[in-house]
Asker: 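Here you go, one structure.
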Amino acid sequence: MTVRTRFAPSPTGYMHIGGMRTALFNWLWARRNGGQFILRIDDTDQARNLDTALAPILSAFRWLGLNWDEGPEVGGPCGPYFQSQRNEFYRTAAEKLLAEGKAYKCFETTEQIQADRTAAEREQRQYVNIRRSLELTAAQIADLEAQGREPVIRFLVPRDQKVVFDDAVRGVVEFDAGLISDPVIVRANGMPLYNFATVVDDAAFRISDVIRAEEHLSNTPIQFLLHEALGSTIPRFAHIPYVAAPGSKEKLSKRKLEAYRKNPQFKRMFERAEAVFPRIGLDREGGLDPVMVEYYEKIGYLPDAVVNALSRIGWSLDDKTEIMSRETIVSNFSLDRVVKKPAGLDPDKLDSFQTHWMGQLSPADKLAGSLPYLTAAGLISDPPSDRERELAGKVVAAMGDRIKVFSDVLDADYFFQDQIQYDEKALQKRVARDDVPRLLRIFAPRLEALEAWHAAAIEAELHRFCEDQGIANGLMIHALRISTTGSAAGPGVFDCLELVGRDRCLARIEAALRLVERD
RNA sequence: GCCCCCAUCGUCUAGAGGCCCAGGACGUCGGAUUCUCAGUCCGAAAACAGGGGUUCAAAUCCCCUUGGGGGUACCA
C-alpha cells in the first residue's frame, strides 16, 4: 500500500512551530516511503479571510522545502483540498449513516445536556449523553421539525465495544466505547465537525498513516469507530508527542507567549527580534515570535538547520548522530524511533545546528542570504550597486562564522555607514588609557602615508610602528579597532581597517580622539 | 471527577534483562589557540522520580505511589 500522509492546517495566519514539526514528520514518512504528502485545509469554521490566512502557512512550507504532492495551488486527484468546499461529501456520508441507523438526529436542548452533565459530575462519573431522541417516534420528529427545531446529527457510538488499535508510537491503546459520548458529527447549521470531516476526508484521500500530535489520541476511538461505520479502510495511527514549552512539559502555545519571555533562552530570541525586526522594517505584530516558523525565516535561519532541529524533537537516528542533512533524515526517518514523551524546542541546540549548516554554505550563498538584510536596513541600495555588492562580499567573508544567522550581518553596519556609534565602555578601556591617544596621533599620519591600503600592508606598518615605539601590538590593535569601528568585537582588525577604508579610518580615529580628549 | 498517555544528566536523547558503577549532543564550567569577538581543540561536573515485586541478573518486565501532561465542545 502506498504511504499517503497529510497535514491539515487551519488557516489562522502564521504557522506554529509545533504544527510544523508534526507536518515535518508526515512529510518525512511519506518521502521515506516514496509516498505522497498531502496538504488539506481544515477551514470548517469558515469566517476569516482565507487568502491572507493561508498564504503565510504555505509560504512557511515552501521556505522549509516541505513540498506537497496534493493540496492548495497544486491540486490533485482527490480535490477539492479545502474542507469548506467538500460539504457534499460530508452530507452524503452523514445521510448514509443516518439511513443505516448508525447516526441519529438529536433534538436535545443545550439546557438538558447541561443538566445531564452536571448530574454526572455530581455522581463522579464520566458524562455520556442520554439518547432521548432515539425514543422519538417519526410523528414526534416531524412535529419538532415543523416547529422549526433544528437537530444536530450524532454518531451512534456502539457502546458495547472496546476500541483497540495499534498506534505506531504508543503501541496498543485501548478505549472503552461505553464511556464515549455520541459525538455531534453535523452541526445544526449543517456544517460538519472536525472528527467527522477528518474521517470522511482521510478515507477519500486514501490516507494510509495519520501522524498527528498526541492531543488527538482521545479522538482516535471516535474516528476509528466512524471509519468502521462508514466501511472505509482504517489508517494506521501514530501519535507523536507535542512540542513542549520551554522549561515545562506543557504544550507550546502562542497564547502563553508572555510567560515564555521569562525563560532565559527564549528571552534571548525575543531580544533578538526586538533588535533586528525594527531595523529591517518589520514590526513585531503579526506573530513574528519564536513560536512561529516565520520568526526563524525572518531572523535569517537556514531551512536545513530548522529541519534538523525539528527532526530531533522526539526522534533520533541513533545514539550519536545529531547533525543530519535533509537527505540523511529522509532516508533514516522511522516512526518506531519516535519517543513518547513531550520535548521542548531547545533554542541553544537550534543555534548549534544553525552554526554548523551556516558553515557549510558557499561564500556566494552566504552573501545572497545576507544581502536582503543590508538592503532592508538601508545600509546599501536596493538593488545593490556592483561596488556595494563587492563590499558586502568582502564584509561577509571577513565576518566569517560571526554571521550565525543572516541578520547578524547587521552587526557589521559600520562598514557601510559613515556615522558610527562608539561603544563607550570599550572606548574608555582601550583608547582613553595610558599613552594611547598620543600614539594614535603619531600613527594616523603613517596610515595616511601608506602606499597601498590593504590588510597586509597595514599590519606590516603597525608592527614596524610598535617596534619603533617599544610597545605591545595589542595596545594599538585594540585602540584601532574601537576607534575605527566603534565596536569591541568583530573581524580581524586589519581586515576591518581595509574594509572601512582609509579616509573613513582617519576620520574615525580623529573623532574617537576628540571624544576621549574632551573628557 | 472520569478516560487516556508519559517519566534517564539543566535540555534533546541512546538504552527494548547481563555489553551500563548508564553512551552522545547542546548548554555550563575549566584549559589551549588568538588583536577582540566568533570559531576550533582538549578536559570536567552532571541523570535511571520513589517503593515493592519477578529474575542468578533490571534503567530495561509487572504492581503501587508520586509527579507531569492530554482529553472530556454544535474548537481543531
Side-chain angles (χ1 to χ4, degrees), chain A residues 8-10 12 19 42-45 83 106 110 113 117 120-128 150-154 167 170-171 173-176 179-181 183-195 197-198 212-221 239 241-242 244 246-251 264-265 309 312-323 336-337 339-353 355 359 399-404 408 411 426 430 459 462 472-482 485 487-494 496:
Chain A
S10 287
T12 53
D42 277 16
D43 53 350
T44 47
D45 46 275
Q83 290 196 324
C106 173
T110 44
I113 289 170
R117 193 181 307 252
E121 264 167 40
R122 213 170 25 235
E123 289 164 43
Q124 303 205 329
R125 46 159 240 267
Q126 166 92 325
Y127 162 76
V128 182
E150 289 179 326
V152 297
I153 301 176
R154 284 186 192 272
D167 189 279
R170 313 265 145 192
V173 185
E174 188 178 311
F175 286 87
D176 182 355
L179 264 18
I180 300 174
S181 216
V184 174
I185 56 177
V186 179
R187 292 181 172 98
N189 69 6
M191 292 300 289
L193 250 16
Y194 165 75
N195 269 138
T198 296
R212 65 201 346 180
E214 68 167 293
E215 66 252 34
H216 288 286
L217 189 57
S218 49
N219 284 326
T220 307
H239 288 91
Y242 56 80
S248 84
K249 291 275 175 270
E250 264 175 77
K251 193 165 66 168
Q265 296 171 350
R312 287 288 292 105
I313 301 180
W315 178 79
S316 63
L317 194 165
D318 56 25
D319 60 338
K320 297 223 159 56
T321 316
E322 294 280 342
I323 305 264
D336 53 18
R337 288 194 63 84
V339 300
K340 300 183 180 77
K341 104 178 149 165
L345 170 72
D346 182 350
D348 285 332
K349 200 136 188 177
L350 202 214
D351 280 353
S352 85
F353 288 128
T355 302
M399 288 288 281
D401 44 34
R402 273 162 281 247
I403 298 179
K404 293 189 174 135
D408 284 341
D411 291 343
R430 300 296 197 183
E459 181 168 9
L462 183 101
N473 290 339
L475 198 65
M476 288 302 284
I477 280 171
H478 289 120
L480 280 171
R481 168 186 303 285
I482 311 301
T485 68
S487 168
V493 73
F494 304 109
C496 284

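Sequence lines set the chain letters: A, B, ... in the order given, protein chains first and strands last, and positions in each chain run from 1.
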Asker: Using whole Å, report how far CG of A/Leu350 lies from C1' of B/rC26.
Answerer: 11 Å
Asker: Return the nucleotide paired to B/rC9: Watson-Crick means purine N1 to pyrimidine N3 with N6-O4 or O6-N4, wobble means G-U with N1-O2 and O6-N3, both under 3.5 Å.
Answerer: none
Asker: Heavy atoms under 4.0 Å, any strand shown: does A/Gln126 hit a base, just sugar-phosphate, or nothing?
Answerer: base
Asker: Using the C1' atoms only, state how far B/rA46 lies from B/rC26, rounded to an integer number of Å.
Answerer: 13 Å
Asker: What is the distance from CD of A/Glu214 to C1' of B/rG68, rounded to the nearest Å?
Answerer: 11 Å
Asker: Take atom C1' in B/rA45 and the same atom in B/rC4, then report the distance between them in whole Å.
Answerer: 39 Å
Asker: CG of A/Asn195 versus C1' of B/rC75: gap in Å, rounded?
Answerer: 11 Å
Asker: For nucleotides 30-46 of chain B, give me one character per nucleotide, 5' to 3': B if any protein heavy atom sits under 4.0 Å from the base, S if the only such contacts are to the sugar-phosphate, - if neither.
Answerer: -----BBBBS-------
Asker: Using atom types as modelled and distance alone, determine if a side-chain donor or acceptor of A/Ser10 lies under 3.5 Å from a backbone N or O of A/Thr12.
Answerer: no
Asker: Could you go through A/Ser487 and A/Arg481, starting from their C-alpha distance and side-chain angles, then the distance that decides it, and tell me whether this counts as side chain to side chain contact (heavy atoms under 4.5 Å, CB included)?
Answerer: CA-CA 7 Å; A/Ser487 168; A/Arg481 168 186 303 285; over 6 Å; no
Asker: Roughly how far, to the nearest 0.5 Å, is the CZ atom of A/Arg337 from the CH2 atom of A/Trp315?
Answerer: 8.0 Å
Asker: Quick check for you: to the nearest 0.5 Å, what is the distance between A/Ile482 atom CD1 and A/Ile477 atom CD1?
Answerer: 12.0 Å
Asker: CD of A/Gln83 to OG1 of A/Thr198: how many Å apart, nearest 0.5 Å?
Answerer: 5.5 Å
Asker: Confirm from the modelled atom types if A/Asn219 and B/rA76 form a donor-acceptor pair under 3.5 Å, side chain to base only.
Answerer: yes
Asker: Between A/Gln83 (CD) and B/rC75 (C1'), how many Å, whole number?
Answerer: 13 Å
Asker: Atom CD1 of A/Ile313 and atom CG of A/Leu350: how far apart are they, to the nearest 0.5 Å?
Answerer: 8.0 Å
Asker: Provide the distance between the two C1' atoms, one in B/rA7 and one in B/rG43, to the nearest whole Å.
Answerer: 32 Å
Asker: Using a 4.0 Å heavy-atom cut-off, does A/Phe353 contact any base of the nucleic acid, only the sugar-phosphate backbone, or nothing at all?
Answerer: nothing
Asker: Who is the Watson-Crick or G-U wobble partner of B/rG1, with both distances under 3.5 Å?
Answerer: B/rU72
Asker: Starting at atom CG of A/Leu179, determine the distance to atom C1' of B/rC3, rounded to an integer number of angstrom.
Answerer: 6 Å
Asker: Let me know, please, whether A/Pro151 or A/Glu250 comes out on the 5' side of the other along RNA chain B by nearest nucleotide.
Answerer: A/Glu250
Asker: Name the closest nucleotide to the A/Val184 side chain, picking from B/rG1, B/rC26, B/rC74.
Answerer: B/rC74
Asker: Taking atom P in both B/rA47 and B/rC5, what distance in whole Å separates the two?
Answerer: 31 Å
Asker: If we call it a pair only when both distances are under 3.5 Å in a Watson-Crick or G-U wobble match, what pairs with B/rA44?
Answerer: B/rU28
Asker: Report the residues that fulfil ring pair (Phe, Tyr, Trp, His ring centres under 6.0 Å) with A/His478, sequence neighbours left out, ordered by chain and then residue number.
Answerer: none
Asker: For nucleotides B/rU8 and B/rC3, find the distance between their P atoms and express it as a whole number of Å.
Answerer: 25 Å
Asker: Answer yes when A/Lys340 and A/Glu214 have at least one side-chain N-carboxylate O distance shorter than 4.0 Å, and no when they do not.
Answerer: no
Asker: Mind checking the CG-CZ spacing from A/Asp408 to A/Arg402? Nearest 0.5 Å is all I need.
Answerer: 11.5 Å
Asker: Given atom CG of A/Asp351 and atom P of B/rU28, what is their separation to the nearest angstrom?
Answerer: 11 Å
Asker: How long is the line joining CD of A/Glu215 and P of B/rG71, in whole Å?
Answerer: 6 Å
Asker: Would you say A/Arg125 reaches B/rC3's phosphate, i.e. side-chain N/O to OP1/OP2 under 4.0 Å?
Answerer: no
Asker: Could you please name the partner base of B/rU36, counting Watson-Crick and G-U wobble pairs only when both distances are under 3.5 Å?
Answerer: none
Asker: Quick one: look up who B/rU60 pairs with, Watson-Crick or G-U, both distances under 3.5 Å, and put none if it's unpaired.
Answerer: none
Asker: Quickly work out the A/Phe175 CZ to B/rU72 P distance and round it to whole Å.
Answerer: 12 Å
Asker: Which letters describe nucleotides 7-24 of chain B, given B = protein heavy atom under 4.0 Å from base, S = only from sugar-phosphate, - = neither?
Answerer: SS--BBSSS-------BB
Asker: Working to the nearest 0.5 Å, report the span between OG of A/Ser181 and CD1 of A/Ile113.
Answerer: 8.0 Å
Asker: Provide the distance between the two C1' atoms, one in B/rG70 and one in B/rG27, to the nearest whole Å.
Answerer: 29 Å
Asker: Mind checking if A/His239 touches a base, just sugar-phosphate, or nothing, with heavy atoms under 4.0 Å?
Answerer: nothing
Asker: Rounding to the closest angstrom, what is the interatomic distance between B/rA14 and B/rG51 at atom P?
Answerer: 25 Å
Asker: Decide yes or no for A/Val186 and A/Leu193: does some side-chain heavy atom of the first lie under 4.5 Å from some side-chain heavy atom of the second?
Answerer: no
Asker: Treating A/Arg212 as the side-chain partner and A/His239 as the backbone partner, does any N or O pair qualify as donor plus acceptor under 3.5 Å?
Answerer: no
Asker: Sticking with atom C1', work out how far B/rG71 lies from B/rA16, rounded to a whole angstrom.
Answerer: 29 Å
